[in-house]
Amino acid sequence: MDRVAIVGIGQTKHAACRKEVSYAELVYEAVTLALKDAGIGISEIDNIVTTSNDFWDGRTISCMATGDVSGGYDKNISCVEGDGTFGAFYGLTRILSGSYGTTLVTAYSKGSESVSSLITNAAFDPIYMRCLGLDMVSACALQARRYLSRYGISEEDCALVSVKNHGNALDNPNAQLGMKLTVKDVMNSRMIASPLKLYDISPISDGACAIVLAREDRARKITDKPVWVKGVSFCADAYLLGDRDLSECRALEKAAGAAYKMAGIRNLKKEIDLAEIYDAFSYQELLWTEGLGFCEKGEGGKLIADGATAKDGDIPVNPSGGLLGAHPVIAAGLIRIAEAALQIRGDAGAMQIKKDVRNALAHGVNGVCGQSHCVWILGQN
Amino acid sequence: MAKRAAIVGTGQTHHRSIRRDVNGQELINEAVTRALADAELTIDDIDGVVIGNMDHFEGINYVDCWSIDGSGGYLKPTIKLTTGGTTGATVAIAGYHLVASGMFEKLLVIGWEKNSESDTTGAIITCSDPVIDRVVFAGAVAGLALEAQAYMHRYGATPKDAARVSVRDRRHACNNPYAHLRQEITVEEVLNSPILSDPLRLHDMCPRTDGACAVIYASEDVAEKITPKPAWVLATANRHMYSDFTDVLDVSSLHSMVGASRELWQKLNIREPLKEVDVIELYQPYSWAGIIWIEDMGLCPKGEGPRLLWDGVTDMGGELPINPSGGVIATNPIGATGLIRCAETVLQIQGKAEARQVPDVKLGVATGFGGCFWTDMIAFGSKKPN
Amino acid sequence: MGDFWSDAEAIIHESCIKVPYSWQAGETASYFLTQLRDEGKIWGKKCPCCKKVLVPPRKSCPFCFVATDQWTEVSDEGVVESFTVVRRDTIIQPKKAPFAYALIRLDGADTGLVHVLGEVEPEAVREGMRVKAVLADDRKGSLLDIAHFKPVGS
Ligand SMILES: [Zn+2]
């Protein structure tokens, strides 16, 4: 298989409300930064994959708004609906198919423009579920309770994730919610849907991200610090919440297994130096670290309590602050790819972890309670 | 290494104005089951699922996740694409790249829509920019009426010319057991049907339909083991060049079709598409497109489309039959419509199109139209590409 | 942010998209919902392959991709497998906070059903608690024809 690298990265400043720009202008900001980072012009972009979601934008064919600001005029272009990691996956295959030498991938959300509970309620089946009034927060609360109870993980263990990631976000110039918190602050924050409290829940942000993917020959010409795509896979679980055991994440295990295999990763602990994962809620970082195989099932709480996922730990998780630090919904996974790639390049600034980052993992999610996962393994060589 | 990829199986529902007996997931399941049966595969053979529709027609967010009950995507990679009317063609192009990348061997691609569940126009006007376009200019019919007016003004064509297109496709649809509207109409009936937006009348326009389509892609490693006649993807090209309807100034041509078709013919090394292509399934949401867009595609010089129509060149038995299936004028489950164009082209190449079969099809082209006057194109051939 | 912006007024264009929907339940869900409405009964459908009784019923099994073939009545009582007490109001929730959602496994079913709990103090809700469906007085063919689930014995 041809090798493909990330050769350009751009993201906006993420904030609760970026009212000085429309969402198309937000995308343009990220694209401009990614091209600048790559040191190329739009003419060197062979094709484009945008990522968007009609519900978050209040607009049918929402990708109509972001084609021209992604440089799509008179070029081959497509649009994935879902998390940015899925958009990037399609962008990757458009190079591997031999059709294009470079792909620009964009993703964005302007959460400030609508009501998240209404939008996420629309993810529930209109016949069997929607009348119950569930949204992402109340559904994930059911998952959190099930996971915590099954393994005896405490709400304080989850609070540690919030403390870590909001703290890490202080070092991230693009983050929305950098905060110095204590476990007590999290435990005392307002109960939203038990066991989830305010600081267990990621914000909904305005922001965009863009990356440039390039085939090896093009990548070598563009940059002397290519970040190689070594393994990637995605997988979906059953739909209705009652069809799954919510304390398990079989789809993630499958996606991760396939990505590790493709990347030739045999010993996770030795070979993966860092992970940027989809912590929409504090408990999710623990559950996903289990699904990714960083620890045994039910050991996610112990993993963070031992400091393994801290910035100076064995396997730092979300040194950028993750989604708890900023969560422009559809862009969230693409930002994980961007942050992981910056760490590999050594360009993560104050977020840069101490050890050399040879391989890093990035992770994105679609749907409710982590129904569908996408896992990327990126590397120096 | 990149792989060659082909469609090896197709399935579609019997398209109807309303399917009360099934919900969306069940409609999807019908098409998937038929595609698997056609390829003589089971769901266990499938490595991944690509699905597309237009969100606000059913009001379901994260359709990739919701559709698992019907698609068979349980514990498989599942990805959703959506680009408006082009969606069906967009998922077909995605299916090609995913398999050609070498990362999937057998891939299921689905397009579907249950247009009866919502107010199609109410949903589609929200595609326009909320601050500028939506306030002044929106909706599918108005934009197309503008194109027809501009073309008439510039080239002297008449509504009667356009009516000839509807007559052709409705006649063709009678040969297609899956088509939604299966009654012939006359030029007079088209010209006397209720006016919608001058010069467009009811029978110039596509219907809204409940329906789903599924196709199975296979890589070169297995395609010929699955079917003796895979339909190989020879080339794809698309243009989504505008963001606002007010960006489109010269509307007497479909610029995206001009750009995409030039790229496609170049990739295929085709100089005279009228002579070299054997069949076209054109995403033609209204009659005038059957004239204007085939000119933009380069089948004839600008202004000569009506002559091609009246001479029967694009009829069954003509030099280049267009829409043997009856096309979009007869059947339009929007998110499936572009994929149905591909499935019908594949049937032609496989020689499985029964009453609507064009003899000896070696090269067929399917198109998609949607969004802001966008075009997607995909060429299928009977011969494995080099 | 350009210099110009510092003097410009931020216009916020308030809007709302309104699309009416009429979702067709299909034959399988229609049977389930009419039985719930008219008889107050809860039916599942059994998969011939994995033998799971799916509640709510599906025309085909999501796990096995085969048509389900056997209607099976399940109990209106079951066990709370997980729950959350919602403390904030949204415009879509059917009850005023605080109230509890629960993932309930009905006796005789192999999948879980999400619903709301009633006739119970939120603080008293526990996993493993046995609950029973309470039918709504005015039933319309919706999952809310079950008004809520209440603790058994209350
Ligand atoms: Zn089963």
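Below, read A as the first sequence line, B as the second, and so on, with proteins coming before strands; counting in each chain starts at 1. Predicted, not measured: the structure shown is a model, and the values here were computed from it.
- When A/L134, A/N121, A/L118 are compared by the number of non-hydrogen pairs under 4.5 Å with chain C, A/L134 comes out ahead.
- For chain A, the nearby part of C/F32 is the side chain; its heavy atoms alone come within less than 4.5 Å.
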Checking salt bridge (Lys or Arg N to Asp or Glu O under 4.0 Å) for the pair C/E123/C/R87: CA distance, chi angles, key distance, verdict? CA-CA 12 Å; C/E123 289 72 21; C/R87 298 279 174 184; 3.3 Å; yes
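- Residue A/Y128 places its OH atom among more than 12 non-hydrogen atoms of other residues, nucleotides or ligands, all under 6.0 Å distant.
- Taking A/A141, A/C131, A/S117 one by one and counting their heavy-atom pairs under 4.5 Å with chain C, the maximum is reached by A/C131.
- Ring geometry for C/F99 against C/Y101 counts as perpendicular: the plane angle is over 60°, on a 0 to 90° scale with 30° as the lower cut.
- Taking OG1 of C/T84 as the reference point, atom CZ of A/R146 lies at 15.5 Å (rounded to 0.5 Å).
- With a threshold of 4.5 angstrom between heavy atoms, C/L144 approaches chain A through its backbone and through its side chain.
- Note on C/V114, C/I17, C/I91: by heavy-atom pairs under 4.5 Å with chain A, the leading option is C/V114.
- With chain C as the partner, the residue from A/Q143, A/R130, A/R150 showing the most heavy-atom pairs under 4.5 Å is A/R130.
- To the nearest 0.5 angstrom, A/L241 atom CG is 5.0 Å from A/C369 atom SG.
- Looking only at side-chain heavy atoms (C-beta outward), C/R130 and C/D107 come within less than 4.5 Å of each other.
- Taking chain C as the reference chain and counting heavy-atom pairs below 4.5 Å, the highest number among A/D125, A/D243, A/V137, A/L246 is found for A/D243.
- Only the backbone of C/E81 comes within contact range of chain A, with heavy atoms under 4.5 Å apart.
- Your options are A/V115, A/L196, A/T60, A/L240, and the one with the most heavy-atom pairs under 4.5 Å with chain C is A/L240.
- Looking at C/A109, neither its backbone nor its side chain comes within 4.5 Å of chain A, counting heavy atoms on both sides.
- No part of C/I104 comes within reach of chain A, as not one of its non-hydrogen atoms sits under 4.5 angstrom from that chain.
- Annotation: the span from A/D185 atom CG to A/K197 atom NZ amounts to 12.5 Å, rounded to 0.5 Å.
- Put simply, of C/A29, C/A100, C/P62, the one with the most heavy-atom pairs under 4.5 Å next to chain A is C/A29.
- Interface summary for chain A: among C/P122, C/P98, C/S82, the most heavy-atom pairs under 4.5 angstrom belong to C/S82.
- Proximity to chain C is absent for every atom of A/D245, based on heavy atoms less than 4.5 angstrom apart.
- From C/I11, atom CD1 reaches atom NE2 of C/H13 across 10.5 Å, with rounding to the nearest 0.5 Å.
- Contact count versus chain A (heavy atoms, under 4.5 Å) is highest, among C/K52, C/Q93, C/K95, C/Q24, for C/Q93.
- Salt-bridge formation is not detected for the pair A/E299/A/K297: no Lys NZ or Arg NE/NH1/NH2 atom is positioned less than 4.0 Å from an Asp or Glu carboxylate oxygen.
- Around OH of A/Y151, the count of heavy atoms belonging to other residues, nucleotides or ligands within 6.0 Å exceeds 12.
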